[in-house]
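Throughout, protein chains are lettered first and strands after them, A, B, ... in sequence-line order, and every chain is numbered starting at 1. The model shown is predicted, which means the values in this text are computed figures rather than measured ones. Side-chain atoms are counted along with the backbone in the values below, which use heavy atoms only and exclude waters and symmetry mates.
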Protein chains: 2
Amino acid sequence: MTPPVHLSLAGQAVDVLRDLVLNGEIPPGTRVNEVELAARLGISRGPLREAIRHLASEQLLVLVPHRGAHVPTATAADVAALFELRTALECAAAELAAARRTDADVARLSAVCAESRRTHHSGERFPHHLDLAFHRALLDAARSPHIAEQVRLVQQRVVLLRSGLADDPPHQRASLDDHDALVTAVAAGDAEQATAVMRKHLARVRAQMLTALRP
Amino acid sequence: MTPPVHLSLAGQAVDVLRDLVLNGEIPPGTRVNEVELAARLGISRGPLREAIRHLASEQLLVLVPHRGAHVPTATAADVAALFELRTALECAAAELAAARRTDADVARLSAVCAESRRTHHSGERFPHHLDLAFHRALLDAARSPHIAEQVRLVQQRVVLLRSGLADDPPHQRASLDDHDALVTAVAAGDAEQATAVMRKHLARVRAQMLTALRP
DNA sequence: GGGTTGTTAACTGTCGACAGTTGGCAGCGG
DNA sequence: CCGCTGCCAACTGTCGACAGTTAACAACCC
């Protein structure tokens with residue numbers, strides 16, 4: 001029932017370290033000490049090093065020769081460049097989803113949208129995990145494992161960049177509308193419309209992140 | 001002059017191992033023995049393991065717990081799924097290139113095309129490295145480092161899958177025409193046309209690889 | 001006093017060795 | 001003759017220790 005059930009210490013360390021980075025317990029800019037972290041995780045430096053390199057390949061850590069690893073800090077240029085990649089990938093996913101979706105896919109997407117609106121209306125907070133769930137459901141509908149994997153990696157980076165950034169209720173409401181429009185386009189099998197909506201949606205998210213990054 | 005100038009043994013091992021895999025010196029399906037390869041490279045197992053994990057993150061190797069790493073074998077389904085990702089990335093690159101290209105970019109692209117035609121006419125072989133050079137020049141014109149990096153990884157996998165596959169002169173000529181059409185569209189700044197040509201080009205390459213994979 | 005150089009401590013990069021697991025092979029029983 | 005069980009070799013996973021490098025601090029010279 002737990003998908004990431006790694007037997008090796010290195011595999012476990014990857015998951016633990018990933019959570020530490022994404023949850024902000026190792027804030028951006030912090031250097032990672034191998035011996036200290038190895039002791040904290042109760043493992044040796046060998047597996048930990050493999051885990052660090054793995055996270056670096058996911059770009060959740062930055063390696064500097066002879067100076068160890070540190071969590072990257074958010075840059076405006078980084079956000080812009082990253083969203084170019086995200087747009088390319090998720091627009092393609094939206095296009096494929098519109099062409100391949102089943103009724104079950106549409107039902108799942110609608111369910112996530114409904115759940116999002118409910119929590120937004122009641123608690124007035126749009127939890128990010130529901131946003132991620134929506135984009136993941138769209139990826140499932142696209143049925144393209146390689147694209148899905150790459151989107152997962154990019155979204156991880158977005159989560160890291162977004163950590164510590166303020167929320168913006170009007171933006172969240174607009175995102176909900178975008179999601180609804182996406183479901184409509186996908187349900188109708190309108191690939192062109194789906195990509196157009198996705199492009200607009202990501203442009204909005206990108207703009208919100210850039211403005212939240214300024215002060 | 002040599003960009004990948006790694007100081008660490010692990011970094012060097014990554015480059016050596018990558019060449020070994022891409023040049024077919026470790027054929028697909030072959031298992032990699034850590035102690036043997038470490039001795040062959042004159043290094044210890046530690047750095048080699050890090051190199052192996054790195055190549056696995058680039059999907060040039062497949063890791064099986066307690067059974068080591070092996071070079072993946074080409075599957076038709078794999079080619080299809082991979083080209084979905086490649087299409088998404090390179091179409092976006094073509095679109096950005098059309099919007100951002102400079103005269104120098106166009107000159108470089110034209111030069112690569114001319115060189116390709118010359119070798120094709122004289123030696124009747126269309127060297128793959130010129131094909132790669134063209135796509136790389138297009139990426140430079142797109143000026144999107146993240147997309148460029150991902151395309152580089154995908155193209156590596158394509159090279160691996162294509163290793164051992166027969167060439168097809170008519171297909172090569174069509175590819176040359178595609179490249180010329182791409183240069184024209186990019187030079188004209190016609191993003192829509194550039195993505196359309198790229199999509200068609202990649203569909204052709206994908207079809208050629210799938211037919212060459214059948215027997 | 002500012003800049004430079006020598007020193008030192010901390011950390012990464014690397015190595016060799018040990019332990020645990022896997023797959024194959026031989027021997028045994030049916 | 002076929003299937004099963006127990007052993008064995010080979011390999012991976014992990015650990016602790018050593019060597020090389022970096023950066024900061026302190027002493028020294030100008």
Side-chain angles (χ1 to χ4, degrees), chain A residues 2-21 25-73 160, chain B residues 2-21 25-73 160:
Chain A
T2 59
V5 57
H6 299 292
L7 301 92
S8 69
L9 294 183
Q12 295 177 246
V14 167
D15 294 334
V16 174
L17 238 184
R18 198 190 340 250
D19 285 354
L20 286 177
V21 171
E25 304 194 33
I26 303 179
T30 309
R31 277 190 51 185
V32 175
N33 187 317
E34 292 187 359
V35 289
E36 179 185 350
L37 189 56
R40 184 172 159 193
L41 298 183
I43 62 177
S44 179
R45 281 182 56 215
L48 177 61
R49 277 177 68 89
E50 291 182 1
I52 289 176
R53 304 307 164 104
H54 189 96
L55 272 294
S57 78
E58 296 186 0
Q59 292 182 301
L60 293 181
L61 289 176
V62 175
L63 296 179
V64 183
H66 294 286
R67 294 190 62 191
H70 62 90
V71 182
T73 54
L160 177 60
Chain B
T2 58
V5 57
H6 297 293
L7 301 92
S8 69
L9 294 182
Q12 296 177 247
V14 167
D15 294 334
V16 174
L17 237 183
R18 200 193 334 254
D19 285 354
L20 286 178
V21 172
E25 305 193 31
I26 303 179
T30 308
R31 277 190 51 185
V32 175
N33 188 317
E34 291 186 0
V35 289
E36 179 185 350
L37 189 56
R40 183 173 161 192
L41 298 183
I43 61 178
S44 178
R45 281 182 56 215
L48 177 61
R49 277 176 68 88
E50 290 183 0
I52 289 176
R53 304 307 165 104
H54 188 95
L55 272 294
S57 78
E58 296 186 0
Q59 293 181 300
L60 294 181
L61 289 176
V62 175
L63 297 179
V64 182
H66 294 285
R67 294 189 62 190
H70 62 89
V71 182
T73 54
L160 177 60

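- The minimum heavy-atom distance linking B/Glu34 with B/Leu48 is given by the pair O-CD2, 3.2 Å.
- Whole-Å rounding puts the B/Leu63 CG to C/dT21 P distance at 19 Å.
- Closest heavy-atom contact between A/Val21 and A/Leu60: CG1-O, 3.9 Å.
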Name each donor-acceptor pair under 3.5 Å that joins a side chain in residues 61-73 of chain B to protein atoms two or more places apart or in another chain, with its distance.
none

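- Between A/Ala51 and A/Ala13, the closest heavy-atom pair is CB-CB, 3.7 Å.
- At least one side-chain heavy atom of B/Leu20 sits less than 4.5 Å from a side-chain heavy atom of B/Arg40.
- Between B/Pro47 and B/Ile43, the closest heavy-atom pair is CB-CD1, 4.3 Å.
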Atom pairs under 3.5 Å: protein N/O with N/O of nucleotides 14-16 of chain D:
residue : atom : partner : partner atom : Å
D/dT14  : OP1  : A/Leu9  : N            : 2.4
D/dC15  : OP2  : A/Ser44 : N            : 2.8

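- Counted by atom type alone, A/His54 and A/Glu50 present zero donor-acceptor pairs between their side chains at under 3.5 Å.
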Quiz item: Taking protein heavy atoms under 4.0 Å as touching, what does nucleotides 6-11 of chain C look like 5' to 3' if B marks base contact, S marks sugar-phosphate-only contact and - marks none?
Solution: -----S
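- Residues B/Leu37 and B/Leu17 form a side-chain contact, since some pair of their non-hydrogen atoms from C-beta on lies under 4.5 Å apart.
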